[in-house]
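Protein chains get the first letters and strands the later ones, always in sequence-line order, with residue 1 at the start of each.
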Amino acid sequence: MGMTNADIAAAFDQMADLLDLRNANPFRVRAYRNASRVVGGLKIDLAALIDADKELPKLPGIGADLEEKIRQLATSGHLPELDRLRKQVPAGLTDLLRVPGLGPRRVRVLSDALGLHSQVALLRAARDGRIRELRGFGPASEERIAAALEAQLSKKPRYKLAVAAQYADALCTYLAKGPGVIEVATAGSLRRARETVGDIDLLATAAEGGDVVRYFAACPDAKRVLASGATRGSIVLKSGLQVDLRVVPEESYGAALLYFTGSKAHNIRLRNLALERNLKLNEYGLFRARGRGREVGAVVAGRTEESVYAALGLPWIAPELREDRGEIEAARNGELPALIERRALRGDLHAHTTWSDGSATIEQMAAGARARGLEYLAISDHSRRRSVANGLDPERLARQCADIARFNARHADITLLTGIECDVLDDGILDLPDSALAPLEVVVAAIHSRFNLPRQKQTARVLAALDNPHVRILAHPVGRLIGLREPYDLDMQAVIRKCKARAVALELSAHPERLALQDLYCRMAKDEGVLVAINSDAHAVHEFDNLVYGVAQARRGWLEAGHVLNTRSLAQVRTWLRERR
DNA sequence: GCCGTTTTCGGCCCGACTGTTTTCAGTCG
């Protein structure tokens, strides 16, 4: 039936939406949302396991009932209960849940009182002034709904990590000069280094919060102020990016940073751990629980993140791991990975020059790499099929190799490796003949055409390319461009197994538009014993700076330095590159 | 719907802000 984990997760999410709208038990709704997240974050392919008649592993938050529903989905592609619910709830109503400020209760009011079942109809009603008459709504709500819909219908994008990081840096500098501000930090998905960021979360410490929030709201780049209170403020920048600020006293810094960094699922796990120890965790600290309700006792921890984790019996957990994908268990068992850091990278195995579509010469790129602490750099320009990129044919490639040899003879502070980013043609044949590839040190295979082949054909094409004995690295394996082009349809499990069999490394492109391998595939590669190469794919000198984002993505994928090819010394990398299987 | 070395029933994370109220529900993160 071809049900992927993502399909199953989507079905559970729809169940949650529909149950929410039908006013079901909120904990039941949460169980479905939780299950959706768990299934969506799995490395193993559930449908494949069921197909092969194997036992499903015990998954947290998935009991007998949800396991049975997973089986139904995997075998039939349908969930009878979901189909039933769909008939009971007007189509389109779940779209209204996506409107900021609207939850299940208010959507139900809109549906019952005005028969509104779509965002377009809702916008019309808001403009006609029909919303303000409803119980629980007013002129301000109507205004906000109209504004949110207009923004949403014209699509509110998520921002690439590298872009959001620039706004965050500027705001941190501004905030640090605020009244009574002691410390400023970024939190949220930005600190967890997710590949895209929906909004920016900032944290500041100060004795008096209200002044800081007012100073924040008056920031020159703010277009609109959404909220402004004694400890929290929220603004929209001129670029459309939303920024939330939280201000806490110094002694709560660690607890607040933890709380504001998330993820939500990670926080809930921590709060449950606290409850088990008769403690209570909130953004102000970890406290002894006293009786029921909101009353709390003496503070146990909170000044630093480390102190809170320690009081819960855990070592500090890196933000990139905080997704409730097993990091709590790993921490408890002392099995947290020693995550790779940027300084562990000793080289870069994919970069371009003016020989194809790069903007800098071989000499300039080498100097830029050296200035950023790299000891070696592979020059891998495009192959001839990329004619728009001035791709290299065998004759030009041979001349470039001679150039590189001359460079290496003259320079001792960095070593260049000869290479190519070679196009994979339609049936998995490479763009250059073996005679041209054989003398090279690094052949990076890449797909730049026919992205919409069906899954089976695309996979066969990639597997065939991997059978070429000269291929050592598979470039940006899913071809996606964040926000521009979806990943092409590929059986990554099969590709990773083939890489293992052929001793080919998978590239994690640090280019901000790509940032692929995605985190889940990094973990898959690690589990299968396939090396990852974190490469810049730099077309200009400053693009070596992107390597830090590649490293961040690798950290989200639980990778240690030992799992990454270009943390090795030049001699070790050359040995590895020469190996054939 | 899940979960359990005190439990197979009765819990389920927790607080801030807003708008619409006249003390609080709904939404959000």
Side-chain angles (χ1 to χ4, degrees), chain A residues 12 15-16 19-20 23-38 58-70 81 96-110 131-145 148 187-190 192 197-203 209-210 213 217 225-235 242-248 252 255-256 258-276 278-287 289 292-296 312 324:
Chain A
F12 284 167
M15 282 292 297
L19 288 169
D20 226 355
N23 206 20
N25 177 347
F27 297 108
R28 192 173 166 219
V29 174
R30 185 203 284 174
Y32 276 103
R33 296 217 191 278
N34 197 33
S36 167
R37 193 185 48 75
V38 167
K58 176 75 199 89
L59 299 170
I62 294 184
D65 184 276
L66 286 175
E67 178 171 334
E68 177 54 30
K69 289 196 165 70
I70 290 174
E81 201 173 335
L96 297 192
L97 287 174
R98 307 282 165 266
V99 180
L102 291 186
R105 315 299 289 256
R106 302 177 91 194
V107 166
R108 264 158 35 107
V109 171
L110 292 170
I131 304 296
R132 63 178 69 199
E133 313 293 340
L134 298 174
R135 177 165 185 79
F137 292 81
S141 297
E142 187 175 80
E143 190 97 355
R144 282 189 72 165
I145 287 171
S189 50
L190 184 63
R192 300 203 310 281
V197 171
D199 56 19
I200 292 177
D201 296 301
L202 300 176
L203 175 70
V213 173
V225 179
L226 297 177
S228 172
T231 69
R232 226 174 92 177
S234 189
I235 62 173
Q242 183 176 329
V243 188
D244 298 331
L245 170 71
R246 189 76 189 251
V247 189
V248 297
S252 298
L258 198 54
Y259 159 84
F260 222 23
T261 298
S263 67
K264 194 170 168 176
H266 181 84
N267 286 349
I268 289 174
R269 290 293 306 278
L270 292 185
R271 287 173 184 198
N272 279 319
L273 282 182
L275 286 178
E276 284 170 22
N278 207 25
L279 300 170
K280 192 186 190 91
L281 177 62
N282 61 28
E283 56 266 53
Y284 297 109
L286 184 64
F287 303 91
R292 301 180 64 82
R294 296 196 167 179
E295 203 185 351
V296 292
L312 297 175
D324 191 20

Letter per nucleotide, 5' to 3', of nucleotides 5-10 of chain B [B base touched, S only sugar-phosphate touched, - untouched; heavy atoms, 4.0 Å]: ------
Taking atom C1' of dC13(B) as reference, at what distance in whole Å does atom CG of L258(A) sit? 13 Å
Between N272(A) and R28(A), the residue closer to the 5' end of DNA chain B by nearest nucleotide is R28(A)
d(CG, L312(A); P, dC13(B)) in whole Å: 15 Å
Given dC14(B), dG1(B), dC13(B), which nucleotide is nearest the side-chain atoms of K69(A)? dG1(B)
P139(A), nearest nucleotide to its side chain (from dG29(B), dT20(B), dT18(B)): dT20(B)
Considering only the P atoms, how many Å lie between dC13(B) and dC3(B), rounded to the nearest integer? 13 Å
Mind checking the C1' distance from dC2(B) to dT8(B)? Whole angstroms is fine. 12 Å
Round to a whole Å and report the spacing from CD of E143(A) to C1' of dT18(B). 15 Å
Quick check: closest heavy atoms across A35(A) and I62(A), and the distance to 0.1 Å? CB-CG1, 4.1 Å
Short side-chain donor-acceptor distance under 3.5 Å, S234(A) and Q242(A): yes
Side-chain contact test, heavy atoms from C-beta onward, threshold under 4.5 Å: evaluate it for N282(A) versus Y259(A) and give yes or no. no
Could you check whether L281(A) gets within reach of a base, just the sugar-phosphate, or nothing at all, counting any heavy atom under 4.0 Å? sugar-phosphate
List every contact pair, protein side and nucleotides 21-26 of chain B side both N or O, where the distance is under 3.5 Å.
none

Below 4.0 angstrom from OP1 or OP2 of dT18(B), is there any side-chain N or O of S141(A)? no
In whole angstroms, how far is the P atom of dG29(B) from the CZ atom of R232(A)? 8 Å
Minimum-distance nucleotide to D199(A) side chain [options: dA16(B), dG29(B), dG15(B)]: dG29(B)
Quick check: closest heavy atoms across P100(A) and A148(A), and the distance to 0.1 Å? CD-CB, 3.9 Å
Which nucleotide, in any strand shown, forms a Watson-Crick or G-U wobble pair with dC14(B), with both distances under 3.5 Å? dG29(B)
Pairs flagged by salt bridge (Lys or Arg N to Asp or Glu O under 4.0 Å) wherever residues 131-140 of chain A is involved - sequence neighbours left out: R132(A)-E142(A)
Salt bridge or not for R33(A) and D20(A), using N-O below 4.0 Å? yes
Roughly how far, to the nearest 0.5 Å, is OG of S252(A) from CG of L258(A)? 12.0 Å
Expressed as a whole number of Å, how far does the P atom of dG1(B) sit from that of dT5(B)? 23 Å
Assert: residue with more 5' nearest nucleotide on DNA chain B, out of L66(A) and G233(A), is L66(A)
If I take atom CZ from residue R106(A) and atom CG from residue L134(A), how far apart are they, to the nearest 0.5 angstrom? 9.5 Å
Can you tell me, in whole Å, how much space there is between the P of dT23(B) and that of dG29(B)? 29 Å
Non-hydrogen atoms of V225(A) and S228(A) that approach each other most closely: CG1-CB, 4.1 Å
Sugar-phosphate only, base, or nothing, as touched by S228(A) at under 4.0 Å among non-hydrogen atoms: sugar-phosphate
Over how many whole Å does the gap from Y32(A) atom OH to dC3(B) atom P extend? 14 Å
Is any side-chain nitrogen or oxygen of N282(A) closer than 4.0 Å to OP1 or OP2 of dG15(B)? yes
Of all the choices, dT18(B), dC12(B), dG29(B), which nucleotide is nearest to the side chain of D244(A) once you look at every atom? dG29(B)
For the pair made of CZ in R246(A) and P in dG29(B), what is the distance, rounded to whole Å? 13 Å
From the options dC17(B), dG1(B), dC14(B), select the nucleotide whose nearest atom is closest to the side chain of A31(A). dG1(B)
Does the base of dG29(B) carry an N or O that pairs as donor and acceptor with the side chain of Y259(A) under 3.5 Å? yes
Distance-minimising heavy-atom pair for Y32(A) and A16(A): CB-CB, 3.9 Å
Report which part of the nucleic acid A35(A) touches: base, sugar-phosphate, or nothing (heavy-atom distance under 4.0 Å, all strands). nothing
Send over the distance from D65(A) CG to dC3(B) P, rounded to a whole Å. 11 Å
Using only heavy-atom distances, determine whether the side chains of N34(A) and R37(A) contain a donor-acceptor pair under 3.5 Å. yes
Pairwise C1' distance for dT20(B) and dT27(B), with rounding to whole Å: 14 Å
Rounded distance in Å between the C1' positions of dT21(B) and dG26(B): 13 Å
Using OP1 and OP2 only, check whether a side-chain N or O of S263(A) sits under 4.0 Å from dG29(B). no
Can you find a side chain N or O atom of K58(A) that sits less than 4.0 Å from OP1 or OP2 on dC2(B)? no
Any non-hydrogen side-chain atom of R232(A) less than 4.5 Å from a side-chain atom of D244(A)? no
Looking at the side chain of E81(A), which of dT18(B), dC12(B), dG1(B) is the nearest nucleotide? dG1(B)
Is a donor-acceptor pair below 3.5 Å formed from side chain D201(A) to base dG29(B), judging by atom type as modelled? no
Using a 3.5 Å distance criterion without hydrogens, assess whether the side chain of S263(A) forms a donor-acceptor pair with backbone atoms of H266(A). yes
Pick base, sugar-phosphate or nothing for N267(A), based on heavy-atom distances below 4.0 Å to the nucleic acid. nothing
Integer angstrom distance from the C1' of dG11(B) to that of dT6(B): 14 Å
Atom CG of L59(A) and atom C1' of dG1(B) are separated, to the nearest Å, by 15 Å
Considering only the P atoms, how many Å lie between dG10(B) and dG15(B), rounded to the nearest integer? 25 Å
Which of dG1(B), dG29(B), dA16(B) is nearest the side chain of K264(A)? It is dG29(B)
